[in-house]
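Beneath this line is the structure, given in structure tokens, with notes to follow.
Remember, it's a predicted structure, so these values are computed and weren't measured experimentally.
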Amino acid sequence: MEQSENKLTSVVFENLKELIKGKNAAHESMFKFHWKKLWPFNLIWPQVDYLRIQRFMENIGEECQKQKEFIKKNKSKATNETETNFLNATLSYLDALKNSCEKLSAVADFKQKLLEKTIKRDVFAFNKILKEYEQAQTDLVRAGAFVRIHWGELKMQESNG
């Protein structure tokens with residue numbers, strides 16, 4: 001039983017890493033400085049695909065929900081409090097990740113509408129969207145700290161016994 005539970009928490013942890021990799025890739029493509037984004041290079045190389053980012057963030061949000069359902073279904077198999085704590089922290093982290101993805105999608109949506117010229121440039125509206133995304137990122141980092149703490153406790157417990 002111990003072996004299968006360790007496998008469960010390892011699977012959950014690996015899934016989290018993959019979800020966050022995808023989210024971070026989208027974040028970097030939107031916000032990270034790159035010389036290809038500067039004029040005249042941006043006339044040659046394709047720029048950020050905001051529609052693709054919106055779809056990708058929606059997919060990650062759906063995967064977060066599936067992961068939460070998986071954890072809730074299998075949480076009863078936890079053999080000790082450390083594993084239960086890790087799984088509970090992971091549930092909160094998945095909520096924060098989904099929220100962060102929604103806010104990043106809102107940033108991409110705003111930028112796409114600017115490209116399509118369906119809205120006018122509104123610095124205040126965009127600043128509000130960015131502040132909401134920044135808050136979602138802060139919440140994500142905070143929730144991630146708890147997951148890392150409980151994962152560390154789980155690994156320490158494995159190495160001790």
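Results of the side-chain contact (heavy atoms from CB on, under 4.5 Å) test with His150 over Thr9, Asn85, Thr84, Asn88 single out Asn85 as the only residue that passes.
Linking ILVMFWY side-chain heavy atoms closer than 4.5 Å, directly or via other members, places Leu51 and Phe110 in two distinct hydrophobic clusters. In terms of hydrophobic clustering, with Ile, Leu, Val, Met, Phe, Trp and Tyr side chains grouped at heavy-atom distances under 4.5 Å, Val141 and Leu94 are assigned to different clusters. Criterion: ILVMFWY side-chain heavy atoms under 4.5 Å apart, direct or through other members. Under it, Ile149 and Leu91 are not part of a common hydrophobic cluster. Criterion: ILVMFWY side-chain heavy atoms under 4.5 Å apart, direct or through other members. Under it, Leu104 and Leu115 are part of a common hydrophobic cluster.
In terms of heavy-atom proximity, Ser10 sits nearest to Lys155 at OG-NZ, 4.3 Å. Residues Met57 and Gly22 approach most closely at CE-O, 4.2 Å, considering heavy atoms. Residues Ala89 and Val147 share a closest heavy-atom pair of O-CG2, 3.5 Å.
Using modelled atom types and a 3.5 Å distance limit, the side chains of Thr79 and Glu83 yield a donor-acceptor pair. Of the N and O atoms on the side chains of Asp139 and Gln135, at least one donor lies less than 3.5 Å from an acceptor on the other residue. Judged purely by distance below 3.5 Å, without hydrogens or angles, the side chains of Lys23 and Gln137 pair a donor atom with an acceptor atom. Checking Tyr133 against His27 by side-chain atom types alone, a donor-acceptor pair falls below 3.5 Å. In the model, Lys21 has no side-chain atom that pairs as donor or acceptor with a side-chain atom of Asn24 under 3.5 Å.
Heavy-atom contacts from other residues, nucleotides or ligands closer than 6.0 Å to CZ of Phe146 number 12 or fewer.
In terms of modelled atom types and a separation under 3.5 Å, the side chain of Asn74 and the main chain of Phe70 share a donor-acceptor contact.
For the pair Leu114 and Phe126, the minimum side-chain heavy-atom distance is 4.5 Å or more. For the pair Ile129 and Asp109, the minimum side-chain heavy-atom distance is 4.5 Å or more.
In this structure, Leu154 CG and Leu87 CG are separated by 8.5 Å, a value rounded to the nearest 0.5 Å. Rounding to the nearest 0.5 Å gives a distance of 9.0 Å between CD of Gln54 and CG of Asp49. Atom CZ of Phe56 sits about 8.0 Å away from atom CZ of Arg52, to the nearest 0.5 Å. To the nearest 0.5 Å, the span separating CG on Leu130 from NZ on Lys103 amounts to 12.0 Å. Summarising the geometry, atom SG belonging to Cys101 is positioned 10.0 Å from atom NZ belonging to Lys98; distances are rounded to the nearest 0.5 Å. With rounding to the nearest 0.5 angstrom, the OG atom of Ser105 is 9.0 Å from the CD1 atom of Ile53.
Remark: Glu116 does not engage Lys113 in a salt bridge, criterion side-chain N to carboxylate O under 4.0 Å. Ion pairing between a basic and an acidic side chain is recognised when a charged N comes within 4.0 Å of a carboxylate O; Glu69 and Lys72 show no such pairing. Classification of Glu132 and Lys128 as a salt-bridged pair holds, one side-chain N sitting under 4.0 Å from a carboxylate O.
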Worksheet item: Given the rule in the side-chain contact (heavy atoms from CB on, under 4.5 Å) test, do Gln157 and Asn80 qualify, once you have shown the distances and angles that lead to the verdict?
Response: CA-CA 10 Å; Gln157 185 180 24; Asn80 61 43; 3.1 Å; yes
Worksheet item: Should Arg55 and Glu58 be marked as a salt bridge (Lys or Arg N to Asp or Glu O under 4.0 Å) after you check the CA-CA gap, both sets of side-chain angles, and the distance that decides it?
Response: CA-CA 5 Å; Arg55 285 191 304 271; Glu58 186 178 319; over 6 Å; no
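Taking the six-membered ring where tryptophan is involved, the planes of Phe86 and Phe13 are tilted, since the angle between them lies from 30° to 60°.
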